[in-house]
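A short worksheet on the structure shown next.
Residue numbers count from 1 along this sequence.
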Amino acid sequence: MSTNQPAAPEAHGEGGAPDARQLRTILTAVSIALMAVIASVSGLNVAQTHMAVEFGASQNTVLWIINIYTLALAALLLPLGAIGDRLGRKPMLVAGLGIFGVANVVAGLAPTAEVMIAARVAGGIGAAMIMPITLAVITSTFPEEQRGKAIGVWTAVAGGGGILGMFLSALLVDVADWRWLFVLPVALVLVALGMTLKSVPNSRERSAHSFDTVGALVSTVAVIGLIFVLQEGPERGWTAPATLISLAVGLIAGIGFVVWELHRRDASLLDVRLFRERGLAGGSVTLLVVFGVQAGIAVVLFPFFQAVLGWSGLLSTVAMMPMAVMMMLASGLAPKMAARVGSRSTMATGIALAGAGLALMALFVTVKGGYLTILPGMLAMGIGMGLSMTPSTEAITSSLPREKQGVASALNDVTREFGTALGVALLGALLSAGYRSAIDDRLHGVPQGAADTAHEGIANAVEVSGSTGAHAQQIVDAAQQSFVDGWQQAMWAGVAVMGALFVYVALRGPRSTESPAPAPVDETEAVETVDAR
């Protein structure tokens with residue numbers, strides 16, 4: 001089966017294709033819009049305690065406030081990306097920015113947890129309108145020789161934006177109030193909206209095929225079911241009825257989606273036959289694993305900084321910045337490296353470096369050694385992830401024709417969201433299991449009640465230690481060392497996963513940086529580029 005590399009737009013207003021200055025403005029606009037979405041994914045993590053106190057909410061409610069945004073975002077990416085292809089990418093981006101901005105204003109003023117949850121759902125819907133369109137604008141606007149660099153910038157923002165967002169959020173919580181967290185995305189939205197209205201061109205698909213409504217609905221159900229399992233499984237239990245029912249619904253809907261899309265063929269929401277192509281399959285698998293490992297690492301690092309090293313939330317986010325900076329720099333360099341040695345070699349090099357970073361952290365992390373024992377591994381991981389993400393993203397977008405770039409971009413984003421949820425669930429579970437297994441033999445002589453509390457997690461152990469008198473230091477030491485033991489178990493699991501991914505990419509990665517042969521023209525479909533500035 002042949003695929004169609006996105007082509008440069010035919011015309012953009014009076015002057016034809018945008019010049020270099022206009023392209024920089026377009027890239028800046030979509031990057032700022034993307035930053036607003038990414039920063040909102042992780043920003044509220046630093047305000048969990050504040051929300052629980054102000055709303056009188058349980059921990060489960062607080063987690064729903066945080067997770068419902070990601071759930072709505074992931075569930076609607078594919079349908080809204082496809083709708084943006086048809087209705088016009090610029091109108092979809094503008095509408096998404098408007099909804100997202102209003103939702104964040106409401107969230108910042110929310111008087112109750114229920115209002116906050118509703119605002120977060122609306123924010124997730126707006127984000128699902130924004131995120132795939134930002135990448136689709138790049139792939140449908142930039143000429144082929146400049147597209148790789150632009151995707152590198154987009155990938156850098158998508159990869160490092162979460163950590164940067166957490167840093168700015170922690171700073172706002174420390175110097176002001178947790179409600180000021182919503183000022184950042186609103187400010188970014190206003191800037192992005194102004195630049196989009198002025199500079200971003202519009203493009204849309206004209207198709208004789210009807211919109212795949214069934215595929216859109218079934219894909220939404222599948223994503224909601226599977227993401228719910230990954231988010232709620234650790235809290236409710238993997239064998240809880242709600243978890244098992246959600247898993248069954250997600251799997252059945254996922255299988256139904258594939259069967260339906262094969263039936264629809266050229267009129268499908270997502271032509272699943274394209275996964276036979278090395279670029280789409282390899283890029284998707286790589287992003288799934290790399291983002292999973294990245295998210296899982298964050299689950300491990302923050303408790304290490306806060307509970308083992310005793311750092312504040314702000315200092316902990318500062319400690320993550322070197323990895324984010326390396327990731328963003330490597331994302332920008334990846335297109336040049338791919339042009340020289342090929343996408344497959346670039347991806348494989350990045351995967352190997354990320355795996356080596358995990359191994360370095362597993363080998364050298366100690367309680368007494370502190371931050372310096374993990375910094376080399378963090379830097380290697382940042383470089384490796386940056387090198388692997390950019391060519392993976394380009395491989396996905398290059399596998400679908402230009403009139404399907406909203407869908408291609410949405411697939412890229414759904415893969416990232418699934419990887420993030422999967423990594424948090426699996427590496428978090430490995431860390432917890434390793435911690436509980438290791439601490440059992442280190443609490444001899446500790447009162448049973450305190451030992452049971454310490455067994456639940458390192459934060460619980462530190463909290464209960466203050467009321468145990470002479471056993472306080474024993475509990476703290478046991479918890480810290482057990483956490484490191486659990487850390488090493490999670491890291492070695494990550495190394496094994498990255499090793500398997502390396503072998504897969506080396507054997508089945510994209511063949512080259514060359515564009516695939518164009519697919520035969522379908523006269524029932526075309527892309528219309530509209531001057532909407």
Does the pair M361 and V300 meet the rule for a side chain to side chain contact (heavy atoms under 4.5 Å, CB included), with working shown?
-> CA-CA 11 Å; M361 287 193 284; V300 175; over 6 Å; no
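- Looking at F275 and L411, their side chains come closer than 4.5 Å, going by heavy atoms from C-beta outward.
- Exactly one of I138, D85, I133, L135 qualifies for a side-chain contact (heavy atoms from CB on, under 4.5 Å) with S409. That residue is L135.
- Taking the ring-ring contact (aromatic ring centres under 6.0 Å, His included) definition, one finds that W487 meets it with F304, sequence neighbours left out.
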Candidate pair F418 and F291, rule side chain to side chain contact (heavy atoms under 4.5 Å, CB included), full reasoning = CA-CA 9 Å; F418 263 118; F291 267 81; over 6 Å; no
Give the table of side-chain donor-acceptor pairs shorter than 3.5 Å for residues 324-338, with sequence neighbours excluded, one pair per line with atom names and distance.
from : atom 1 : to   : atom 2 : distance (Å)
S331 : OG     : M327 : O      : 2.8

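- Looking at I374 and L301, their side chains come closer than 4.5 Å, going by heavy atoms from C-beta outward.
- In this structure, CG on L34 lies 10.5 Å from CG on L188, to the nearest 0.5 angstrom.
- Note on residues 414-426: pairs passing side-chain hydrogen bond (donor to acceptor under 3.5 Å, both in side chains), not counting sequence neighbours, are T393-R416.
- Here the side chain of S268 pairs no donor or acceptor atom with the backbone of R264 at under 3.5 angstrom.
- If you take CD on E144 and OG on S398, they are separated by 8.0 Å, rounding to the nearest 0.5 Å.
- Using a 4.5 Å heavy-atom threshold, the side chains of F302 and T317 count as touching.
- Checked by atom type and distance alone, the side chain of T397 pairs as donor or acceptor with a backbone atom of E394 at under 3.5 Å.
- The closest side-chain heavy-atom distance from I38 to M131 is below 4.5 Å.
- To the nearest 0.5 Å, atom CD1 of residue I151 and atom CE of residue M389 are 13.0 Å apart.
- Here S40 contributes atom OG and L184 contributes atom CG; the two are 7.5 Å apart, rounded to the nearest 0.5 Å.
- Taking a 6.0 Å sphere around CZ of F228, one finds it holds more than 12 heavy atoms contributed by other residues, nucleotides or ligands.
- Within the 4.5 Å cutoff, no side-chain heavy atoms of L230 are placed close to those of V424.
- Applying the side-chain hydrogen bond (donor to acceptor under 3.5 Å, both in side chains) test to residues at least two apart or on different chains, none of the pairs has a partner in residues 279-299.
- Of the inter-residue distances, the one linking L501 atom CG with I351 atom CD1 reads 3.5 Å to the nearest 0.5 angstrom.
- Distance CD1/I68 to CG/L71: 5.0 Å, rounded to 0.5 Å.
- Using a 4.5 Å cut-off on side-chain heavy atoms (C-beta onward), L358 and I297 make contact.
- Residues satisfying the ring-ring contact (aromatic ring centres under 6.0 Å, His included) criterion with Y69, sequence neighbours excluded, are absent altogether.
- With contacts defined as side-chain heavy-atom distances shorter than 4.5 Å, the pair M347/P510 qualifies.
- Listed for the S388 side chain is a donor-acceptor partner under 3.5 Å among the backbone atoms of M385.
- When the ring-ring contact (aromatic ring centres under 6.0 Å, His included) test is applied to W260, the partners found at least two apart in sequence or on another chain are H263.
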Go through the steps for L193 and V94 under the test side chain to side chain contact (heavy atoms under 4.5 Å, CB included), then give the verdict.
-> CA-CA 6 Å; L193 187 57; V94 170; 3.9 Å; yes
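- Residues V186 and F100 are not in side-chain contact: their nearest non-hydrogen atoms beyond the backbone lie 4.5 Å or more apart.
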When you look at I224 and T220, which way does the side chain to side chain contact (heavy atoms under 4.5 Å, CB included) test go after all the steps?
-> CA-CA 6 Å; I224 289 176; T220 300; 3.9 Å; yes
